[in-house]
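Beneath this line is the structure, given in structure tokens, with notes to follow.
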Amino acid sequence: MNTQTAYSAHPDRNLALELARVTEFAAMGAAAWIGRGDKIAADQAAVDALHYVLGSTPISGVVVSGEGTKDEAPKLHHGEEIGAGGPEVDIAIDPLEGTRLTAEGFPGAIAVIAAAKKGAMLAVGDSVPYMEKVATGPAYADLLDLDDPVGTVKRIAERKGSGTDQVTVVVLDRPRHAETIAAIRAAGARVKLILDGDILPVLLAADSDSAVDMLWGVGGTPETLIGSAACRCNGAQLLARFWPRSNEERATGAAEGLEMDRIYTAEELVGGDDVFFSCTGVTSGEIVKGVQFQDGEVRTESLTMRSRSGTIRRISGRHDLSKIDSLRSAAASQD
């Protein structure tokens with residue numbers, strides 16, 4: 001990869017703005033498949049679009065966690081070097097979180113990317129694909145206990161000066177969570193169930209303006225890494241631990257050097273003093289609006305964040321549909 005550029009080897013500029021271009025294009029690629037019932041095509045369109053634009057982004061990036069790793073795909077796989085040259089960064093990517101949401105036209109699908117200085121992201125590998133996690137915003141960041149979600153609910157309520165009925169916990173609707181969902185409800189708290197997605201609920205829990213106070217549940221390891229990057233940017237906190245599904249998975253993870261019983265903080269999962277995050281809505285949700293086609297234009301909304309400055313931006317984009325279509329065609333036809 002060519003690294004001979006005018007840029008520093010360190011991310012001393014706000015790369016989140018550059019990354020917004022990447023997630024915008026991925027979202028627009030996926031949006032062509034909203035409601036068409038084909039989640040594979042939606043995902044592939046997002047991958048193609050993101051890979052195409054990321055290749056021309058002024059970074060020297062290494063994919064630490066990406067689409068190609070879990071799917072054995074040729075693009076965005078673990079270790080892939082990508083970018084047009086510039087600051088050396090680790091990259092974690094989910095070109096389309098919510099493939100089913102997109103295919104069926106449900107809300108909450110997003111395109112997401114996170115970046116940090118090279119070597120700053122924990123090398124989570126592929127052997128243990130799930131982590132148990134809990135997350136919350138800056139006001140309650142010191143109250144988290146991964147092993148005691150009900151106790152965390154009670155501490156949040158106490159700090160709020162309210163009853164537990166004023167605490168809302170977002171949880172992915174999966175059978176593995178049934179027992180804890182019942183316990184949280186028995187404690188008097190509200191549970192907000194979501195169909196799919198691991199990153200969007202972290203954003204909801206981490207956002208001080210959200211009605212959600214806390215996230216708990218077992219989700220994807222790559223998504224946990226990206227969620228940690230978001231928390232690093234806005235002062236929120238996430239705690240996570242690997243969640244092996246079998247003794248074999250546990251042994252493999254341990255053999256690869258993963259600390260299977262360690263509880264990681266967001267800072268330990270994504271370190272360094274400069275972390276970048278960008279997401280763009282595909283279908284409208286509580287964090288960002290989805291892609292809209294109107295009068296020959298494509299309209300997008302993105303959320304970008306940077307840890308060093310604490311800057312959070314919402315970016316509304318208006319794109320010429322004819323030009324976007326030609327770019328999407330180019331992205332789909334690249335090797």
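Reckoned from all heavy atoms, side chains included, excluding hydrogens, waters and symmetry mates. Bear in mind the structure is a predicted one, so any value in this text is a computation, not a measurement.
Nearest approach of Glu24 to Ser302, heavy atoms of both residues: CG-OG, 3.6 Å. Residues Ala42 and Thr102 come closest through the heavy atom pair CB-CG2, 4.0 Å. The two residues Ile59 and Leu54 have their closest heavy-atom pair at CD1-CD1, 3.9 Å. Listed here is the closest heavy atom pair of Cys231 and Leu238: SG-CB, 4.0 Å. The nearest pair of heavy atoms linking Leu96 to Ala46 is CB-CB, 3.8 Å. Contact detail for Val63 and His77: the closest heavy-atom pair is CB-O, 3.4 Å.
Within the 3.5 Å criterion, the main-chain N or O of Met121 finds a donor-acceptor partner in the side chain of Asp90. The closest donor-acceptor contact from the side chain of Arg232 to the backbone of Gly272 lies under 3.5 Å. No donor-acceptor distance shorter than 3.5 angstrom exists from the side chain of Gln294 to the backbone of Arg299, with no hydrogens or angles considered. Judged by distance alone, with hydrogens and angles left aside, the side-chain atoms of His51 form no donor-acceptor pair with the main-chain N or O of Leu76 at under 3.5 Å. Of the possible polar contacts, none joining the His78 side chain to the Ser65 backbone as a donor-acceptor pair under 3.5 Å is found. A donor-acceptor distance shorter than 3.5 angstrom exists from the side chain of Glu268 to the backbone of Thr265, with no hydrogens or angles considered. In terms of modelled atom types and a separation under 3.5 Å, the side chain of Asp165 and the main chain of Gly188 share no donor-acceptor contact. Between the side chain of Ser307 and the backbone N or O of Val275, at least one donor-acceptor pair lies under 3.5 Å. Between the side chain of Thr311 and the backbone N or O of Met305 there is no donor-acceptor pair closer than 3.5 Å. With Glu301 contributing its side chain and Lys289 its backbone, the two residues share a donor-acceptor pair below 3.5 Å.
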Chi angles and distances behind the side chain to side chain contact (heavy atoms under 4.5 Å, CB included) call for Val288, Ile110: CA-CA 8 Å; Val288 283; Ile110 54 176; 3.9 Å; yes

Side chain to side chain contact (heavy atoms under 4.5 Å, CB included) assessment of Thr224 paired with Asp198: CA-CA 7 Å; Thr224 303; Asp198 282 329; over 6 Å; no

Salt bridge (charged side-chain N to carboxylate O under 4.0 Å, His left out) assessment of Asp274 paired with Arg308: CA-CA 5 Å; Asp274 222 356; Arg308 179 187 291 183; 3.4 Å; yes

Candidate pair Tyr264 and Glu259, rule side chain to side chain contact (heavy atoms under 4.5 Å, CB included), full reasoning: CA-CA 9 Å; Tyr264 291 90; Glu259 298 182 60; 3.5 Å; yes

Worked check of side chain to side chain contact (heavy atoms under 4.5 Å, CB included) between Trp216 and Glu132: CA-CA 8 Å; Trp216 179 87; Glu132 183 180 13; 3.5 Å; yes

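With hydrophobic clusters built from ILVMFWY side chains whose heavy atoms lie under 4.5 angstrom apart, Leu225 shares a cluster with Leu258. Note: the hydrophobic cluster containing Leu144 does not contain Leu215 (ILVMFWY, side chain heavy atoms under 4.5 Å, direct or indirect links). Note on Val212: it clusters hydrophobically with Ile199, by side-chain heavy-atom contacts below 4.5 Å among ILVMFWY residues. At a threshold of 4.5 Å between side-chain heavy atoms, the hydrophobic network of Ile, Leu, Val, Met, Phe, Trp and Tyr places Leu204 and Val134 in two separate groups. Ile194 and Val218 fall into different hydrophobic clusters, where Ile, Leu, Val, Met, Phe, Trp and Tyr residues are linked whenever their side-chain heavy atoms come under 4.5 Å apart, directly or through other members.
Salt-bridge annotation for Asp261 and Arg241: absent, with no side-chain N of the basic residue lying under 4.0 Å from a carboxylate O of the acidic one.
Each salt bridge (charged side-chain N to carboxylate O under 4.0 Å, His left out) pair with one or both residues in residues 203-222, not counting sequence neighbours, appears once here: Lys160-Asp213.
Side-chain contact check for Tyr140 versus Val167: every heavy-atom pair is 4.5 Å or farther apart. Contact annotation: the side chain of Ile226 never approaches that of Val202 to less than 4.5 Å [non-hydrogen atoms, C-beta and beyond]. Put simply, the side chain of Leu269 does not reach to within 4.5 Å of the side chain of Lys133, judged on heavy atoms. Looking at Arg245 and Arg176, their side chains never come closer than 4.5 Å, going by heavy atoms from C-beta outward. Within the 4.5 Å cutoff, the side chain of Pro149 has heavy atoms near those of the Met214 side chain.
Taken to the nearest 0.5 Å, the CG atom of Leu15 stands 4.0 Å off from the CZ atom of Phe276. Put simply, OG on Ser284 and CD on Gln292 are 6.0 Å apart, with the number rounded to the nearest 0.5 Å. For the atom pair CG (Asp94) and OG1 (Thr99), the distance works out to 9.0 Å, reported to the nearest 0.5 Å. For the atom pair CZ of Arg318 and CD of Glu297, the computed distance is 4.0 Å after rounding to the nearest 0.5 Å. Note: Ile113 CD1 to Thr57 OG1 = 7.5 Å, rounded to the nearest 0.5 Å. Residue Gln166 holds its CD atom at 9.0 Å from OG1 of Thr164, rounded to the nearest 0.5 Å.
Using cut-offs of 30° and 60° on the angle between ring planes, the pair Phe25 and Tyr52 is tilted.
Within a 6.0 Å sphere centred on CG of Asn247, heavy atoms belonging to other residues, nucleotides or ligands number 12 at most.
Met28 pairs with exactly one of Thr23, Val282, Val298 by the side chain to side chain contact (heavy atoms under 4.5 Å, CB included) rule, that one being Val298. Partner of Arg100 under the salt bridge (Lys or Arg N to Asp or Glu O under 4.0 Å) criterion, chosen from Asp43, Asp38, Asp196: Asp196. Applying the side chain to side chain contact (heavy atoms under 4.5 Å, CB included) test between Thr304 and each of Ser278, Cys233, Cys279 identifies Ser278 as the sole match.
Residues satisfying the side-chain contact (heavy atoms from CB on, under 4.5 Å) criterion with Phe106, sequence neighbours excluded, are Leu101, Glu104, Leu195.
For the residue pair Ser246 and Glu248, no side-chain donor N or O sits within less than 3.5 Å of a side-chain acceptor on the partner. Side chains of Glu267 and Gln237: a donor on one and an acceptor on the other come within 3.5 Å. Using a 3.5 Å distance cut-off with no hydrogens or angles, the side chains of Thr300 and Thr280 do not pair a donor with an acceptor.
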